[in-house]
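Structure, as structure tokens:
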Amino acid sequence: QVQLVESGGGLVQAGGSLRLSCAASGRTFANHAKAWFRQAPGKEREFVAAISWSTANTYYADSVKGRFTISRVDAERTVYLLMNTLKPEDTAVYYCAAETESLSSNYFYYTNWKNYHYWGQGTQVTVSS
């Protein structure tokens, strides 16, 4: 069992930065890929970024590539999402997610929210224009 708690959301002006944190606890932190998804009002949940546990490979949505960075600090059992050059269209509730991975896991696995079993409660990010 893995528990996830997000923090770091808030209100920021366009062009600003925020760093989201996802603290993991429970039986194991290892062997689980970590990802960030977001959901804006009236829209479907969408992939933002993911990091593989085994390879540390990172994956990004095209809309955030070059602006967002996902990272992890194993000793802290925490995954971060650094968001730079924020835009009003980045406004959403951001969710941290975790799921086991295998050798066959690929981009399509990491970017599909339906593959993730463990979720945090979400943190609101609002970007004003």
Side-chain angles (χ1 to χ4, degrees):
Q1 193 79 359
V2 177
Q3 290 84 42
L4 304 171
V5 178
E6 303 101 332
S7 61
L11 173 64
V12 64
Q13 287 188 333
S17 299
L18 281 175
R19 189 180 75 161
L20 304 184
S21 301
C22 174
S25 62
R27 263 181 48 182
T28 180
F29 179 73
N31 299 323
H32 284 70
K34 308 299 189 299
W36 290 92
F37 292 82
R38 66 187 182 187
Q39 189 165 18
K43 295 188 177 181
E44 293 188 355
R45 187 166 300 189
E46 66 172 355
F47 169 74
V48 176
I51 184 167
S52 164
W53 171 260
S54 57
T55 66
N57 287 342
T58 56
Y59 306 86
Y60 296 94
D62 289 341
S63 59
V64 307
K65 202 171 293 183
R67 299 188 298 122
F68 291 11
T69 303
I70 187 170
S71 62
R72 72 182 200 221
V73 178
D74 296 346
E76 297 176 359
R77 300 169 65 90
T78 301
V79 176
Y80 298 97
L81 183 68
L82 175 62
M83 307 184 294
N84 293 323
T85 319
L86 282 161
K87 304 175 181 180
E89 50 264 44
D90 294 319
T91 295
V93 177
Y94 283 69
Y95 297 92
C96 178
E99 187 51 69
T100 55
E101 59 182 24
S102 67
L103 292 176
S104 62
S105 297
N106 57 22
Y107 172 84
F108 299 102
Y109 176 83
Y110 293 113
T111 61
N112 187 345
W113 67 268
K114 295 179 182 180
N115 290 326
Y116 289 81
H117 181 67
Y118 302 105
W119 291 86
Q121 82 288 352
T123 185
Q124 175 71 46
V125 172
T126 303
V127 184
S128 63
S129 58

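Note that the structure is predicted; figures quoted are calculated from it, not measured. Residues take their numbers from the sequence shown, with the count starting at 1.
- Side chain of Thr111 to backbone of Tyr107: a donor-acceptor contact under 3.5 angstrom is found.
- The shortest heavy-atom contact between Ser21 and Thr78 is CB-CG2, 4.2 Å.
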- When you look at Ile51 and Asn57, which way does the side chain to side chain contact (heavy atoms under 4.5 Å, CB included) test go after all the steps? CA-CA 6 Å; Ile51 184 167; Asn57 287 342; over 6 Å; no

- Item | Evaluation steps, side chain to side chain contact (heavy atoms under 4.5 Å, CB included), between Val125 and Leu20 | CA-CA 9 Å; Val125 172; Leu20 304 184; 4.0 Å; yes

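- Side-chain atoms of Gln121 and Val5, non-hydrogen and from C-beta on, do get closer than 4.5 Å to each other.
- Ion pairing of Asp90 with Lys87 is absent here, as no side-chain N (NZ or NE/NH1/NH2) approaches a carboxylate O to less than 4.0 Å.
- With hydrogens and angles disregarded, a donor-acceptor distance shorter than 3.5 Å links the side chain of Arg67 to the backbone of Ser63.
- Within a 6.0 Å radius of CD in Glu44, other residues, nucleotides and ligands contribute 12 heavy atoms or fewer.
- Of all heavy-atom pairs between Ala35 and Tyr116, the closest is CB-OH, 3.4 Å.
- Proximity of a side-chain donor or acceptor of Glu99 to a complementary backbone N or O of His117 within less than 3.5 Å is detected.
- With hydrogens and angles disregarded, a donor-acceptor distance shorter than 3.5 Å links the side chain of Asn115 to the backbone of Tyr109.
- No side-chain heavy atom of Tyr80 sits less than 4.5 Å from a side-chain heavy atom of Ile70.
- When every heavy atom of Ala98 is checked against every heavy atom of Lys34, the shortest pair comes out as CB-CD, 3.7 Å.
- Looking at Gln39, its side chain never comes within 3.5 Å of a backbone N or O of Val93 through a donor-acceptor pair.
- For the pairing with Phe68, the side chain to side chain contact (heavy atoms under 4.5 Å, CB included) check across Thr58, Val48, Leu18 returns one residue only, Val48.
- Between Tyr60 and Phe47, a ring centre-to-centre spacing not shorter than 6.0 Å is recorded.
- Across Thr91, Val64, Leu81, a single residue satisfies side chain to side chain contact (heavy atoms under 4.5 Å, CB included) together with Arg38, and that is Val64.
- Here the closest non-hydrogen pair linking Ala14 and Pro88 is CB-CD, 4.1 Å.
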- Item | Working for ring-ring contact (aromatic ring centres under 6.0 Å, His included), residues Phe37 and Trp119 | CA-CA 10 Å; Phe37 292 82; Trp119 291 86; 5.3 Å; yes

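- For the atom pair CZ of Arg77 and CD of Gln3, the computed distance is 9.5 Å after rounding to the nearest 0.5 Å.
- Here the shortest heavy-atom pairing between Tyr95 and Glu6 reads CA-OE2, 3.3 Å.
- Of all heavy-atom pairs between Ser52 and Tyr110, the closest is OG-OH, 3.4 Å.
- When side chains are defined from C-beta on, Val79 counts as touching Trp36, because their heavy atoms get closer than 4.5 Å.
- Considering only heavy atoms from C-beta on, Glu46 stays 4.5 Å or farther from Trp113 through its side chain.
- Between the side chain of Glu101 and the backbone N or O of Ser54 there is at least one donor-acceptor pair closer than 3.5 Å.
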